[in-house]
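Reviewing the structure listed below.
We use all heavy atoms of the structure for the numbers below, so side chains are in, but hydrogens, waters and symmetry mates are not. All values reported here derive from a predicted model rather than from experimental measurement. We're numbering straight along the sequence, starting at 1.
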Amino acid sequence: MHDQLVQLREKLQAAKDVAKQRHRMGMVVYLLDMAIAETDEEIDRNPMKQENEPR
């Protein structure tokens, strides 16, 4: 799960970078910022070590 969240964060950041280059996409940049923040929180809640633990 951790690796998937990290990949998601990277893709969100790339999308934000593209949106920033297009000057009329302020709301999209804002929403991507919020999604990145949520992903960061989820990464913090799910440390890598939990993946190796049995459920």
Side-chain angles (χ1 to χ4, degrees):
M1 174 92 161
H2 185 269
D3 292 338
Q4 291 172 332
L5 290 170
V6 171
Q7 288 177 349
L8 174 61
R9 193 202 186 285
E10 290 171 358
K11 290 178 182 180
L12 289 169
Q13 185 62 51
K16 179 184 166 188
D17 293 342
V18 170
K20 271 186 166 181
Q21 292 173 358
R22 301 179 183 185
H23 300 287
R24 289 186 255 183
M25 300 194 82
M27 181 57 76
V28 172
V29 172
Y30 171 76
L31 293 172
L32 287 166
D33 271 337
M34 293 194 56
I36 289 168
E38 288 293 324
T39 304
D40 287 342
E41 288 178 14
E42 195 64 31
I43 288 170
D44 290 344
R45 277 184 254 159
N46 294 299
M48 229 156 119
K49 65 181 180 183
Q50 286 183 351
E51 272 192 29
N52 298 328
E53 294 177 2
R55 292 185 182 205

Hey, could you give me the [atom1]/[atom2] distance between [X] and [Y], rounded to the nearest 0.5 Å?
| X | Y | atom1 | atom2 | answer |
| --- | --- | --- | --- | --- |
| Lys11 | Ile36 | NZ | CD1 | 14.0 Å |
| Leu12 | Asp40 | CG | CG | 9.5 Å |
| Leu8 | Met1 | CG | CE | 10.0 Å |

Q. Is the closest side-chain donor-acceptor distance between Asp3 and Gln7 under 3.5 Å?
A. no
Q: Pick out which of Val29, Leu31, Val28 makes a side-chain contact (heavy atoms from CB on, under 4.5 Å) with Lys16.
A: Val29
Q: Following the transitive rule for hydrophobic clusters with a side-chain heavy-atom cut-off under 4.5 Å over Ile, Leu, Val, Met, Phe, Trp and Tyr, establish whether Met27 and Met34 coincide in one cluster.
A: yes
Q) Which atom names give the shortest non-hydrogen contact between Leu5 and Ile43, and what distance separates them? A)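 Minimum heavy-atom contact is CB-CG1, 3.5 Å.
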Q) Taking only residues two or more places apart in sequence, or in another chain, which ones meet Val18 in a side chain to side chain contact (heavy atoms under 4.5 Å, CB included)? A)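 Listed in chain order: Arg22.
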Q) Among all residues two or more places apart in sequence or in another chain, which pass the salt bridge (charged side-chain N to carboxylate O under 4.0 Å, His left out) test with Glu42? A)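 For Glu42 the salt bridge (charged side-chain N to carboxylate O under 4.0 Å, His left out) partners, ignoring immediate neighbours, are Arg45.
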